[in-house]
Amino acid sequence: MSSVKIMLVVSLFIPAVRSGTDLWKLECLPTVGTFAQKTIIRCYFKDIKEIHIVAVYLTKVGQDEPLFAQEESKRSGDQRFSLENSSMGPSLQISETMFSDEGEYLYHVVTDSGFEDVQLSISVIAKYKDPVTSTWPENVMDGGPVSLYCNATDGYPAGSIHWFDRSGTNWTMNSVLTKDPKDISGVKSVALSSKLTFKSIVLDMAPFRCIVFNSTYVQDGENTLKITSAIHSDSSGSNTTNIVAGVMVIGSLTVGLLFALLCFRKRNHTRDRRPSAHPILNYESGRSVEDDPENGDISPGH
Ligand SMILES: *[C@@H]1O[C@H](CO)[C@@H](O)[C@H](O)[C@H]1NC(C)=O
Ligand SMILES: *[C@@H]1O[C@H](CO)[C@@H](O)[C@H](O)[C@H]1NC(C)=O
Ligand SMILES: *[C@@H]1O[C@H](CO)[C@@H](O)[C@H](O)[C@H]1NC(C)=O
Ligand SMILES: *[C@@H]1O[C@H](CO)[C@@H](O)[C@H](O)[C@H]1NC(C)=O
């Protein structure tokens with residue numbers, strides 16, 4: 001009953017008022033599309049249920065001709081655009097979003113209940129690829145200088161990079177972020193390179209984690225940076241060799257000294273005495289071996 005009434009009112013209104021403004025409204029949500037993916041521009045009719053779309057026209061603000069039009073099922077203009085599902089409402093879809101789609105549009109929708117215009121905006125983003133990391137120098141000395149790099153590409157608009165060490169300490173304050181905007185035949189991106197420099201690094205703080213955030217501070221990707229220690233990779237082998245060699249030299253010296261000592265004592269024992277050329281052992285030569293039971297114990301041949 002009431003719908004019949006509304007229909008009656010509507011049909012009375014249409015000849016008088018061309019726009020449907022007083023009866024219903026057309027609304028569109030701000031749209032964020034992702035580069036190279038499908039984007040839906042959500043639009044809906046407000047305050048009306050029984051409504052049928054006759055035609056739609058989408059014009060970029062500042063241009064005269066619509067870039068896309070659909071009259072019943074006949075589409076014209078940019079073929080990437082279409083009505084998502086005309087029986088469900090005036091929502092639009094872009095099949096493969098491009099950066100040139102960014103901007104303000106005027107959307108004109110003609111229905112069996114009059115027409116409406118609405119302004120809508122589209123922005124286009126691109127997700128950052130997982131970052132790549134590197135260190136300079138490649139092999140790092142504990143306590144030595146090093147620069148850690150974390151680079152992320154293909155994202156848009158510009159994001160940021162944060163740094164954390166193994167214990168979760170935030171090193172972002174000490175890093176320098178470089179943003180390099182690119183536009184390669186209409187494909188926009190801002191390459192990010194973050195550099196975290198230590199004059200003297202404590203290798204126990206590794207591994208480091210760098211996290212890439214998009215421009216609305218949502219995490220896009222992360223990577224873990226292992227540090228290749230110069231000590232573990234290059235010189236650890238020769239170091240061990242040096243230590244072993246050192247031990248062997250000291251060992252043989254000790255053995256030699258002991259042997260010399262024993263020979264000397266043996267000579268003492270056999271009373272083959274000479275005026276000593278070894279002042280250090282003089283006190284021994286002054287004592288008889290028999291007075292010293294300890295000496296007798298350690299001498300071989302006793
Ligand atoms: C459009 O929506 C109607 C109602 O939900 C559904 O039956 C129809 O299959 C949809 N058409 C397309 C092309 O998705
Ligand atoms: C990251 O960028 C810096 C500066 O452009 C460069 O020196 C470094 O080699 C890059 N690292 C990687 C892994 O691409
Ligand atoms: C790390 O430090 C940066 C720069 O000071 C700050 O913006 C960020 O919120 C910090 N992150 C965390 C998790 O504390
Ligand atoms: C940031 O990432 C979130 C989650 O992926 C996404 O919803 C948002 O649109 C992105 N914003 C920008 C500006 O890239």
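When a ligand or atom number is given, it counts from 1 through the structure's own listing order. Here the structure is a predicted model, which means the values were calculated and not measured.
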Ligand 4 N/O within reach of Asp220 N/O, cut-off under 3.5 Å: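 No: no nitrogen or oxygen of Asp220 is under 3.5 Å from one in ligand 4.
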Shared hydrophobic cluster for Leu83 and Leu106 (ILVMFWY, side-chain gaps under 4.5 Å): no
Do [Y] and [X] meet the salt-bridge criterion of a basic N to acidic O distance under 4.0 Å?
X: Asp183; Y: Lys188; result: no
X: Lys46; Y: Glu27; result: yes
X: Arg209; Y: Asp165; result: no

Does any non-hydrogen side-chain atom of [Y] lie less than 4.5 Å from one of [X]?
X: Cys150; Y: Trp163; value: yes
X: Tyr105; Y: Ile122; value: yes
X: Phe35; Y: Ile125; value: no

Per-atom contacts of ligand 4 with Ile125, taking only distances under 4.0 Å to non-hydrogen atoms: 9 (O), 10 (C), 12 (C), 13 (C), 14 (O)
Where ligand 4 meets Ser215 - atom numbers and elements under 4.0 angstrom, heavy-atom basis: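 Once the distances to Ser215 are compared, the set is 12 (C), 13 (C).
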Aromatic ring pairing Tyr57/His108, orientation class (parallel under 30°, perpendicular over 60°, tilted between): tilted
Residue shell around ligand 1, heavy atom under 4.0 angstrom: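 Contacts of ligand 1 under 4.0 Å: Asn85, Ser87, Met88.
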Ligand 2 to Ser193 polar contact by distance, N or O atoms, under 3.5 Å: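 Among all N and O atoms of Ser193, at least one is under 3.5 Å from an N or O of ligand 2.
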Polar proximity ligand 2 side, Tyr149 side, N/O cut 3.5 Å exclusive: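 No, since none of the N or O atoms of Tyr149 sits under 3.5 Å from an N or O of ligand 2.
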Under-4.0 Å heavy-atom contact with ligand 2, by part of Thr133 that carries it: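 For Thr133, the contact with ligand 2 is made by the backbone alone.
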Those atoms of ligand 2 less than 4.0 Å from some heavy atom in Asn151: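 Heavy-atom distances to Asn151 below 4.0 Å select 1 (C), 2 (O), 3 (C), 8 (C), 10 (C), 11 (N), 12 (C), 14 (O).
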Donor on one side chain, acceptor on other, Ser193 and Thr178, under 3.5 Å: no
